[in-house]
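As structure tokens, the structure follows; a few thoughts come after it.
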Amino acid sequence: MANKESGGHTPLSAEVADKLLDLLSKDNDFRQLFQKDATAALAQAGHAPAQEMIASGSYSPTAYGCMAAANIATKAEIEAARLEIKGMLTSAASHTNPHCFETGLLGAEARAKGIGGTGGDEPL
């Protein structure tokens, strides 16, 4: 399941990345699941390695800790940075960017502020 090039996880397929981003930008229940258990959320989005981890009983909710976000980005932030996030999730360097879903650290707005923006005001 590891991505041999980056030492991380297997990259997401474009289809799974799209489904994940759709759910994160629209579905509050899914956003809560993702923040609590990224492995289960990825499995729900169709990521086969996460589904296999769950089916085999050999996973923990922190297996995809690289996707953790103390303050998950707002739906609007995720939608605005969608192409950039999708590129990260589907690349050989997938899951090595620890702020991929952190509020205030996505896309052009964060780059304009310098990484480490102020964050959003939209709750999960």
Side-chain angles (χ1 to χ4, degrees):
M1 282 183 258
N3 177 343
K4 303 226 187 277
E5 289 183 45
S6 69
H9 299 285
T10 302
L12 274 59
S13 69
E15 295 80 17
V16 170
D18 280 332
K19 184 169 183 181
L20 176 66
L21 294 170
D22 284 344
L23 290 165
L24 287 172
S25 64
K26 296 176 179 132
D27 184 325
N28 286 334
D29 290 336
F30 185 83
R31 290 167 56 81
Q32 288 177 342
L33 173 63
F34 182 83
Q35 194 154 25
K36 179 181 170 188
D37 185 342
T39 307
L42 285 168
Q44 186 175 324
H47 188 51
Q51 292 170 332
E52 291 166 12
M53 280 181 168
I54 291 171
S56 71
S58 64
Y59 94 103
S60 79
T62 59
Y64 284 85
C66 49
M67 291 188 163
N71 295 302
I72 194 169
T74 65
K75 294 174 200 172
E77 285 178 303
I78 290 172
E79 192 58 41
R82 183 182 185 101
L83 290 176
E84 184 176 344
I85 299 168
K86 182 178 177 181
M88 285 187 265
L89 295 173
T90 59
S91 76
S94 68
H95 311 290
T96 60
N97 193 347
H99 62 269
C100 187
F101 294 101
E102 192 75 35
T103 190
L105 300 178
L106 299 174
E109 182 178 317
R111 286 190 301 277
K113 294 183 219 178
I115 221 62
T118 59
D121 56 5
E122 180 183 339
L124 279 178

Item to complete: Enter the distance from D37:CG to I54:CD1 here, rounded to the nearest 0.5 Å.
Response: 6.5 Å
Practice prompt. Using a strict 4.0 Å threshold on nitrogen-to-oxygen distance, state whether R82 and D18 make a salt bridge.
Written response: yes
Worksheet item: Got a second to check how far I85's CD1 is from L20's CG, nearest 0.5 Å?
Response: 9.0 Å
Worksheet item: What are the two closest non-hydrogen atoms of A40 and L33, and how far apart are they?
Response: CB-CD1, 4.0 Å
Worksheet item: In Å, rounded to the nearest 0.5 Å, how long is the span from CZ of F34 to CG of D27?
Response: 13.0 Å
Worksheet item: Which value, rounded to the nearest 0.5 Å, describes the distance between L23 atom CG and N28 atom CG?
Response: 11.5 Å
Response to the item:
The reported gap from CD in E84 to CG in L89 (rounded to nearest 0.5 angstrom) is 10.5 Å
Worksheet, complete the sentence: For Q44 and K19 the tightest heavy-atom approach is O-NZ, 3.6 Å
Worksheet item: Rounded to the nearest 0.5 Å, how far does CE of M53 lie from OG1 of T39?
Response: 6.0 Å
Worksheet item: If every non-hydrogen atom of K75 is compared with every non-hydrogen atom of S25, which pair is closest and at what distance?
Response: CB-O, 3.3 Å
Worksheet item: Which heavy atom of S91 sits nearest a heavy atom of M88, and at what distance?
Response: OG-O, 3.2 Å
Worksheet entry | Expected output: side-chain Q35 to main-chain A70 donor-acceptor under 3.5 Å | yes
Discussion item. Is it the case that the side chain of T62 and the backbone of G65 share a donor-acceptor pair, with hydrogens and angles ignored and the cut-off at 3.5 Å?
Written reply: no
